[in-house]
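Okay, structure first, notes after.
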Amino acid sequence: MPATPWLTVVGALPSGTLAPGAPRGVLAADAVFGPQRLLDAAGVDGSRARPWPRPLACGVAQLLARRGSPTTVIASGDPLHHGIAATLLADVPAHEMAVFPAPSAFSLAAAALCWPLADVRTVSLHTAPCEAILAHVAQGRRILALTRDGAAPSQIAAALTRAGWGESPVAVAEALGGPEARVRHAAAATLAGEAHALNVLAVECRSAARPPVRAADLTHDGCVTRDEVRLLTIAALAPPGHLWDVGAGSGAVAIDWCRAGGSATLFERDPGRVASIHANLGATGTRADVLEGDALEALAAASTPSHVFMGGAVGSSSLFAALWDALPSGGTFVSNAVTLGGEAATLARHAEHGGALTRIALSHSAPVGGLAALRPAMPVLQWRAVKP
């Protein structure tokens, strides 16, 4: 086991300026790994330079083969903040590594915009789909998103626009810390064009209110969450975030969720209802993922949820266990039970996991002979719990 660190990971600005405190001669190691642009900007000798290959794992393997020999990695900004040092720690013990951070891309972007960084939600979308930003949007929130390439800012802005956040002011902070630095401002709905490959997308979340859908306007076979119950369900779920709508039926809950600024994956096994879901998504201009078939088999293909709504198969203990396990700590779980079996399962879950129970009992006016009366609808037992 090496007594002193053999691996030095040093942050740098796009100009090639190294992090404060970086040791003298750090770039004189026999092997200096890093992105080609940074190796060039820092003036690393060609005989020492080891540009990262694709896939990155091949380069990491080459680096690990040098264990015990002085080796340097040059990285953008803070290597421990969504950076290569965090990746390498999976294979290199901390006592074998020395890290010298430069200002992170988030710090540079916050400074360029004069945004207090402590009040900003920072996310990395470097390997995530553009729609992943929808799990973080909320009215008035400021977001700094690290993107994967020059095409990503306009693609992320398009995802925001499709979800109803097109009015949000956005800024593309490009190549900060280098001679090509610039900041472009637009609205999410109008942002277009290619950016510098090194960029951070800044978003000030603003959403025009979109009214909830009405069950009467949706295609369904009777399996639809009624308007009043659906609004209470959305309130219990408390958007935004990424929702799993399990036993989606007509897709009404997920559609309202997305119209409130969230993203969703819908699970439905009935082919006719899947067709209705697609029709309703198209009619309401809603973008969401739909997985057809048995939900237990489909869960592995879905993005991690922040919220789960169990509207179908509420009595299934195996399905509930899988959904509860998939929900991260702090996530919200809501179920609506109508049948006696579903109610029994709900009461057992409440006893085990806590949370809150709500009985939703509605009546609607209906003709009785030549008169009118209030006709009770089937009551719903709603359970809401936040996973510890």
Side-chain angles (χ1 to χ4, degrees), residues 2 4-92 94 96-112 124 126-127 144 146-153 172-184 194-200:
T4 58
W6 59 272
L7 178 61
T8 301
V9 185
V10 58
L13 297 178
S15 62
T17 301
L18 299 185
R24 287 187 177 184
V26 70
L27 300 183
D30 289 342
V32 181
F33 291 80
Q36 185 70 63
R37 56 179 174 74
L38 271 184
L39 294 170
D40 292 342
V44 178
D45 183 83
S47 63
R48 306 174 189 277
R50 303 289 189 274
W52 288 123
R54 291 187 178 180
L56 178 64
C58 294
V60 172
Q62 295 170 19
L63 182 148
L64 294 175
R66 294 182 50 80
R67 178 172 254 128
S69 301
T71 304
T72 296
V73 173
I74 185 171
S76 295
D78 183 348
L80 284 170
H81 196 187
H82 300 297
I84 186 64
T87 300
L88 293 175
L89 281 170
D91 298 292
V92 181
E96 297 184 22
M97 183 190 305
V99 180
F100 298 88
S104 71
F106 293 128
S107 293
L108 293 171
S124 175
H126 197 264
T127 59
L144 290 176
L146 186 65
T147 78
R148 65 175 176 270
D149 55 31
V172 186
E174 307 176 48
L176 297 181
E180 300 177 73
R182 68 168 181 165
V183 178
R184 291 188 294 127
E194 192 87 1
H196 191 283
L198 296 175
N199 68 79
V200 173

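The basis for the numbers below is simple: all heavy atoms, side chains too, and nothing from hydrogens, waters or symmetry mates.
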Can you confirm whether [X] sits close enough to [Y] that some side-chain heavy atom of one is under 4.5 Å from a side-chain heavy atom of the other?
X: Val9; Y: Leu80; value: no
X: Leu56; Y: Ile84; value: yes
X: Leu7; Y: Leu63; value: yes
X: His126; Y: His82; value: no
X: Val73; Y: Pro79; value: no
X: Val92; Y: Arg67; value: yes

Rounded to the nearest 0.5 Å, how far does OG1 of Thr8 lie from CD1 of Ile74?
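That separation rounds to 12.0 Å.
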Quick check: closest heavy atoms across [X] and [Y], and the distance to 0.1 Å?
X: Pro70; Y: Arg66; answer: O-NH2, 3.1 Å
X: Gly11; Y: Ala102; answer: C-CB, 3.7 Å
X: Leu176; Y: Ala181; answer: CA-CB, 3.9 Å
X: Gly150; Y: Pro153; answer: O-CD, 3.5 Å
X: Asp78; Y: Pro101; answer: OD1-CB, 3.6 Å

Parallel, tilted or perpendicular, judged at 30° and 60°: which one describes the rings of Phe106 and His81?
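Tilted, since the angle between the ring planes falls between 30° and 60°.
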Partners meeting salt bridge (Lys or Arg N to Asp or Glu O under 4.0 Å) with Arg182 (sequence neighbours left out):
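Applying salt bridge (Lys or Arg N to Asp or Glu O under 4.0 Å) to Arg182 gives Glu174.
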Side-chain donor-acceptor pairs of residues 21-41 under 3.5 Å, sequence neighbours excluded:
unit_1, atom_1, unit_2, atom_2, d
Gln36, NE2, Asp40, OD1, 2.9
Arg37, NH1, Ser76, OG, 3.4
Arg37, NH2, Ser76, OG, 3.0

